[in-house]
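Before any comments, here is the structure.
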Amino acid sequence: MRLSRYLLKTLRETPADADTANHQLMLRAGMVHQVAAGVYGYLPLAWRALQKIERIVREEMDAAGAQEVRLPALHPIELWQESGRAAGMGDILFKVKDRRGHELVLGPTHEEVITDIVRHSVRSYRDLPLILYQIQTKFRDEPRPRSGLLRGREFTMKDAYSFDAGSEGLDRSYQAMAQAYRNIFDRCGLQTIVVEADSGAIGGKDSQEFMVTAAAGEDELLHCPSCGYAANVEKAAFKKLTPGTTAERPPREKVATPGCATIRDVAALLGVPPERTIKAVLYTDETGGLVFVCIRGDLEVNEVKVKNAFKAKDLRPATDAEIRAVGAVPGYASPIGIRREGVKLAVDDSIVSSVDYVTGANQEGYHYRHVFWDRDFMDKDGKPWLGSAYYQDFAKAQPGHGCPKCGLPLEGSRGIEVGHIFKLGTVYSESMGARYLDTAGQEQPIVMGCYGIGVTRILASAIEQHHDEKGIVWPPAIAPFRVYLVGLNLEQEAIRREADALYDELDKAGVEVLYDDREESAGVKFNDADLIGLPVRLTVSPRNVKQGVVEYKVRTAAKADLVERQRILEKLTPSA
Ligand code: ATP
Ligand code: MG
């Protein structure tokens with residue numbers, strides 16, 4: 001391709017509104033055009049790279065035995081009502097109305113549509129297993145579209161769905177997809193780690209995410225360098241050590257703690273370590289109910305775990321008025337003596353019955369000490385909370401906490417989720433009636449899995465992971481072209497002939513070349529070559545032509561080599 005004829009306008013300056021390296025570089029390298037927030041046009045350079053990614057994805061999916069389909073982007077809302085997600089997905093769903101006033105959804109994912117197809121086509125165990133996939137545009141009204149293609153409102157996803165008779169079949173399909181995913185990301189040149197993921201309010205069983213390690217990632221990850229445990233912070237567990245237990249149970253006592261509204265102040269005043277205090281963290285859910293979380297003073301709450309436990313769609317910090325309305329006092333709150341109506345109590349399992357704690361007394365400037373949660377957590381009417389409280393893990397794992405498997409300290413990092421595999425089980429087949437007849441002729445729900453890859457997000461994260469101060473450093477397999485051919489002083493007829501001839505020779509041999517035949521200075525051309533970042537740069541210049549050589553530079557190498565003109569093609573084939 002001749003650059004003089006190509007739609008590619010590079011920018012010297014970094015666009016002010018682009019916050020991440022991939023977004024800045026994609027704009028500067030003329031790859032994308034933003035049409036609206038989170039909506040992009042992919043220009044020729046980006047489209048070539050995306051097609052390469054799609055080819056890799058297709059090859060690996062086909063090799064794993066999956067069959068390609070293409071499902072519609074317009075879905076009747078009734079399908080989403082059947083699964084319960086018309087409401088469950090909240091404002092993420094784009095909805096449109098047709099001329100008759102019928103509501104439709106612009107597909108953000110395709111579990112509903114594929115389950116509808118399969119329930120009409122699968123009859124018996126003989127029709128299973130099946131893995132179906134597609135590469136398609138998805139629509140999600142993201143609250144914060146950002147970072148260019150990393151989080152769009154319209155983006156390309158590869159989504160696959162498996163259908164099995166029984167959970168062993170699902171395990172096999174899941175493993176096949178997990179292996180295909182590892183192959184895809186390896187071939188795309190991405191360093192990923194696989195982490196245990198939250199499976200959300202849907203429930204489901206195993207779920208893992210493939211994370212591109214990058215500082216710009218929105219996801220917080222924890223991993224154990226000793227045993228290999230790795231999880232998204234949304235899901236991560238850790239070893240909770242119990243501070244000194246006591247055999248005696250002194251009676252609860254109210255103590256004045258004036259001006260001590262933080263755990264640290266109270267702990268210091270009363271001379272107890274923060275892990276012997278209980279703090280209250282209060283939320284309001286979408287129904288207006290109060291979610292009252294009690295957790296050890298030295299720990300933080302993991303809101304995802306809270307949301308899942310109560311199947312809450314939305315949680316926000318409770319206001320002072322909402323806290324007071326149930327009889328609790330902000331800064332001095334505990335479940336002791338509050339109203340029960342409209343309150344959901346969550347007690348983190350870091351709080352154990354053998355430890356003597358300090359907690360709020362629901363009175364300005366007062367705390368209780370010698371609180372044993374199983375004994376002292378009573379409501380306003382003296383009825384114990386024990387039994388009605390949700391008692392489980394609600395805590396956020398942090399770097400330094402003990403690994404849940406081996407106990408050694410966890411390390412933290414950031415990642416970009418590029419893929420997600422998920423054992424759905426029978427959630428959709430039950431809600432939507434997708435069944436098969438087993439060998440005994442009995443109807444059974446089909447056991448499903450779903451598997452997603454962000455194709456456009458792969459492109460963005462590849463750039464996020466592979467760039468330097470000069471520009472993009474393409475992983476070879478997804479580079480839009482293999483070679484950037486720079487012609488210098490092309491106004492000299494003899495040089496232009498040489499450069500044109502080299503371009504034609506490579507092009508005929510099937511080497512993908514972007515030929516910079518523009519009337520620009522050497523400086524501009526070399527800067528653009530680095531910015532666009534193709535794996536190899538070749539330079540034809542008057543001096544090189546005189547010596548019968550071509551300058552050959554690998555994007556990642558510090559310096560260039562001179563290669564005999566006749567040996568260039570040989571050096572570039574077979575392709576790297
Ligand atoms: P996230 O947590 O980043 O919002 P998700 O968990 O909602 O993503 P999935 O439903 O698991 O996403 O979608 C499958 C894949 O699609 C993700 O792993 C990701 O690579 C990609 N993806 C999801 N949302 C977006 C988006 N807004 N823009 C680009 N890619 C996306
Ligand atoms: Mg996901």
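Below, each value reflects all heavy atoms present in this structure, side chains not excepted, and no hydrogens, waters or symmetry copies. Atoms within a ligand are numbered from 1 in the order they appear, just like the ligands themselves. Please read these numbers as outputs of a predicted model, since none were measured by experiment.
Taking the ring centroids of Y181 and F210, they lie under the 6.0 Å cut-off. No close placement of the Y451 and Y161 rings is indicated, their centers lying 6.0 Å or farther apart. Y390 and F310 have their aromatic ring centers within a separation under 6.0 angstrom.
Under a cutoff of 6.0 Å and an axis angle of 45°, K423 and Y174 form a cation-pi pair.
Inclusion of E417 in the first shell of the Mg ion (ligand 2) is supported: an N, O or S atom falls under 2.8 Å.
The backbone N or O of D285 sits nowhere less than 3.5 Å from a side-chain atom of D314 that would complete a donor-acceptor pair. H466 places no side-chain N or O within 3.5 Å of a backbone atom of I463 that could act as its donor or acceptor partner.
Annotation for ligand 1: atoms under 4.0 Å from non-hydrogen atoms of M157 are 13 (O), 14 (C), 16 (O). Taking a cut-off of under 4.0 Å to the non-hydrogen atoms of E142, the atoms of ligand 1 that pass are 24 (N), 26 (C), 27 (N). Within ligand 1, the atoms closer than 4.0 Å to a non-hydrogen atom of G419 are 18 (O), numbered from 1 in the order shown.
Ranking protein heavy atoms by distance to atom 22 (N) of ligand 1, first place goes to F155 CE1, 3.6 Å. The single protein non-hydrogen atom nearest to atom 4 (O) of ligand 1 is R151 NH1, 2.9 Å, given as residue, atom name and distance. Of the protein's heavy atoms, E417 OE2, 3.3 Å lies nearest to atom 17 (C) of ligand 1. Looking from atom 11 (O) of ligand 1 to the surrounding protein, the closest heavy atom is H420 ND1, 3.1 Å.
A donor-acceptor pair shorter than 3.5 Å cannot be found between the side chains of Q175 and S173.
Residue contacts with ligand 1 include L150, since one or more of its heavy atoms lies under 4.0 Å from the ligand.
Among E209, R140, R457, the residue whose heavy atom sits closest to atom 9 (P) of ligand 1 is R140.
Annotation: side chain of T456 is not in contact with side chain of M157 (no heavy-atom distance under 4.5 Å).
Between E142 and R153, no side-chain nitrogen of the basic residue sits less than 4.0 Å from a carboxylate oxygen of the acidic one, so the salt-bridge criterion is not met.
When the Mg ion (ligand 2) is compared with the N/O/S atoms of H420, atom ND1 turns out nearest.
For ligand 1, the polar-atom distance check finds an N/O of V418 within less than 3.5 Å of one of the ligand's N/O atoms. Looking at ligand 1, you'll find an N or O of G152 within less than 3.5 Å of one of its N or O atoms. On a distance-only criterion, G454 and ligand 1 share at least one N/O pair closer than 3.5 Å.
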